[in-house]
There are 2 protein chains.
Amino acid sequence: MSSKENAADQSAAGPGSPSPKAPERAHPVTLREVAEAAGVSTATVSLVVNKKKDARIAEETRQRVKDAIRALGYRPNAMAKTLVSGTSKFIGLVADGVATTPFAGQIIHGAQDEAWKHGYALLIANTEGNSELERDAISMMLEYKVRGILYSTWFHRQTDVPAPLREADFVLVNCFSSEQGARAVVPDEVQGGRSATEILLAHGHRRIAFINATIPAPAKDGRLQGYRKALENAGIPFDPDLVMEAYPDQEGGYLATAGLLKRGASAVYCYNDRMAMGLYDGLREQGLSIPDDMAVVGFDNQEVIAAHLRPPLSTVALPHYELGAAGVRMLLGIDAAAEGPARIHCPPVERASVQVRAHA
Amino acid sequence: MSSKENAADQSAAGPGSPSPKAPERAHPVTLREVAEAAGVSTATVSLVVNKKKDARIAEETRQRVKDAIRALGYRPNAMAKTLVSGTSKFIGLVADGVATTPFAGQIIHGAQDEAWKHGYALLIANTEGNSELERDAISMMLEYKVRGILYSTWFHRQTDVPAPLREADFVLVNCFSSEQGARAVVPDEVQGGRSATEILLAHGHRRIAFINATIPAPAKDGRLQGYRKALENAGIPFDPDLVMEAYPDQEGGYLATAGLLKRGASAVYCYNDRMAMGLYDGLREQGLSIPDDMAVVGFDNQEVIAAHLRPPLSTVALPHYELGAAGVRMLLGIDAAAEGPARIHCPPVERASVQVRAHA
DNA sequence: CTGAAAGCGCTAACAT
DNA sequence: ATGTTAGCGCTTTCAG
């Protein structure tokens, strides 16, 4: 018929032919068809399908309906259901970078698990920071009548709430806003910084250096603050000379080696694991051993790095999974929102880069 | 009234009070309301909203409708639209591990971008390999009338097609099945292995070791096959003694050092980057330098590792992003499905772990 | 060029 | 204990 030949004989082929790649979609069975097959009304089928407790259906009828459902391979149409109820079982997740960082995926993962637990499905959109994409994504979610939207960023930072987001119930994840009533969950950087430092303190170190990041961020301030708190709790005076700064990656850590060694510290807490990885190289180059010559802790618990350096790196985990999960809980009102962002605990992870020593 | 006091005054507060955390959801404006506001019928509004080309609407009317839409803040209800059309603008992505591997997220990312490009949104479900969860996830997607489902695994492997998946249009991503007509996209391991080896060949190496994985997988076979092909093309006889096996992580690579050095190779191609990372440590311990004493290439292009080792590691990238994107294209019929899985190119990435040498 | 009306598949009163 | 019926918000003939 048409000018396209190759498609023709495929569809013309008999029902028995398992043609290589043709997906054969079929009949969407409806409630009514099930009702007819079972010889009951649609209302009855609906009651059976939804297992309504208060509805009394004769066991015999129920069975007949169930059989019909199975026989026809009925699937409820969630769209129709949603149309009636007005709100879907979707939670939207708008992320500015699924790609950018290896653990950004954990936010999705946590959100997905938690959402699922409460009967919700996750609708995701990656905006790569493009604000036009962002508006479109939010619009789409609004049109699908999502229960709410999680707006997440790949690194902890302050953000503006995009206007259309306000039309939905939303929670900021891994970011926060100065805006009135914007609920948010973020990692507890201060506690994390304290925990990192305390790992070192617990092993008897007193002269602990901190290589902070050069670039401004809530993490930079929070982790330093945590470091100071830990020292304070331990009765050790803060020595500004022990705080250095470096670009927060392997190269930065490597380059910080010389400066660190000048300061005569016995232990160092690095802003992140990547920095620690670079520092490992630097120390090794000097013939120094970890943890004997220098105990090291990182931050982030970036699995591929931290767990597999030689020796494995003690660090503090960024709770991305928990951020996603907590975001969902807050959205659904399971976790109450407090004043200001909820701070999620960053659990310390001890590994061999810090060793037991005689306590001071 | 109730025993709970704290919730009471919030809801009782006047409309003007910006209470800290109360999300105030409001009016779902409908098509009809817009129609009434604009003094036209719902049909007209529908035509305007959907920019139907063939419908002639007086410019004046169109404007009136648009104004009403803006004034009321109208959002189309995608559920209702879907109900009418029968199929949604969703593509489902079922993954067995968003969490497990740092780059699994890239599949999501690629799928999301490509889906979006064609007007589809991604609905994701993480099953963590749990087959009950998997069934539920697929059911849910079916109920939401997804356009199709991408079924993906976090490492390249053979898989069984879960029964309910067959009810949908589906494509396997990063996995494949022996089943008739199951479309699939997988990485081209053979080409990847060849490219990895060719990087070394191009730099004049003739005696190239390959540390393969101990655990069976398509990657294990394919990468070896690629290695052999590359040698063959270069006219170098295959020497089985140069092929070793180790557990594919840092520890495995480290432990393989001694065996490697015994073999007198000038270059080594590791099954993956993690292994290469361990090997770096082993070589360094022997006081050997990369690439002068030993040129190294890895596989996977695991960013946090490969780009930041000292020296940066040459490797071959696993095209996860492309896998996701290609999966979507195949699902939508944009890329035709061939016989057998589509193989996606694994691009080589050259870094300093291989250096220019005099050609043989 | 625009309005009226019939559903899409389902749920939820309200009848029986 | 089950059937009837009226929509949910939208698209789409079919009339005017």
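Hydrogens, waters and symmetry mates are skipped; everything else that's a heavy atom, side chains included, is used.
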| request: Could you run through nucleotides 11-16 of chain D and give me one letter per nucleotide, 5' to 3': B if any protein heavy atom sits under 4.0 Å from the base, S if only the sugar-phosphate is that close, - if neither? | output: BB----
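Looking at residues two or more places apart in sequence or on another chain, you find a side-chain hydrogen bond (donor to acceptor under 3.5 Å, both in side chains) between A:Glu134 and A:Tyr151. Not counting sequence neighbours, the partners of A:Phe176 by the ring-ring contact (aromatic ring centres under 6.0 Å, His included) test are A:His156. Residues satisfying the ring-ring contact (aromatic ring centres under 6.0 Å, His included) test with B:Tyr120, not counting sequence neighbours, are none. Take B:Glu132 and apply the salt bridge (Lys or Arg N to Asp or Glu O under 4.0 Å) test, not counting sequence neighbours, and it matches no residue. In terms of the salt bridge (Lys or Arg N to Asp or Glu O under 4.0 Å) criterion, B:Lys66 has no residue partners (sequence neighbours excluded). Taking A:Tyr74 as the reference, nothing meets the ring-ring contact (aromatic ring centres under 6.0 Å, His included) condition, with sequence neighbours excluded.
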Please produce a list of atom pairs where a protein N or O lies less than 3.5 Å from an N or O of nucleotides 14-16 of chain C.
none

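Identified under the side-chain hydrogen bond (donor to acceptor under 3.5 Å, both in side chains) test for residues 320-331 of chain B, with sequence neighbours left out: B:Asp113-B:Tyr321, B:Glu114-B:Arg329, B:Glu322-B:Arg329, B:Arg329-B:Asp335.
For B:Thr61 and C:dT2, the shortest distance from a side-chain N or O to OP1 or OP2 is below 4.0 Å. Considering only side-chain N and O atoms, B:Ser41 lies under 4.0 angstrom from the phosphate OP1 or OP2 of C:dG3.
Each of B:Val40 and B:Leu83 was matched to the nucleotide of DNA chain C holding its nearest heavy atom; the match closer to the 5' end belongs to B:Val40.
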Contacts table for residues 82-94 of chain A: side-chain donor-acceptor under 3.5 angstrom, sequence neighbours left out:
| residue | atom | partner | partner atom | Å |
| --- | --- | --- | --- | --- |
| A:Thr82 | OG1 | A:Ala78 | O | 2.8 |
| A:Ser85 | OG | A:Thr82 | O | 3.4 |
| A:Ser85 | OG | A:Thr87 | O | 3.2 |
| A:Ser88 | OG | A:Phe90 | N | 3.1 |
| A:Ser88 | OG | A:Tyr144 | O | 3.3 |
| A:Ser88 | OG | A:Lys145 | O | 2.9 |

Identify all side-chain donor-acceptor contacts of residues 34-42 of chain B below 3.5 Å with residues at least two apart in sequence or on another chain.
| residue | atom | partner | partner atom | Å |
| --- | --- | --- | --- | --- |
| B:Ser41 | OG | B:Ala43 | N | 3.3 |
| B:Ser41 | OG | B:Thr44 | N | 3.4 |
| B:Ser41 | OG | B:Thr44 | OG1 | 3.3 |

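In this structure, the helix from C:dC1-D:dG16 to C:dT16-D:dA1 shows an angle of 40° between the axis at its start and the axis at its end, each fitted on 5 base pairs and rounded to 10°.
Straight-line distance from the CZ atom of B:Arg32 to the P atom of C:dA6: 14 Å, rounded to whole Å.
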| task | Given salt bridge (Lys or Arg N to Asp or Glu O under 4.0 Å), test B:Arg75 with A:Glu167 step by step and report yes or no. | result | CA-CA 10 Å; B:Arg75 293 261 181 213; A:Glu167 287 182 45; 2.8 Å; yes
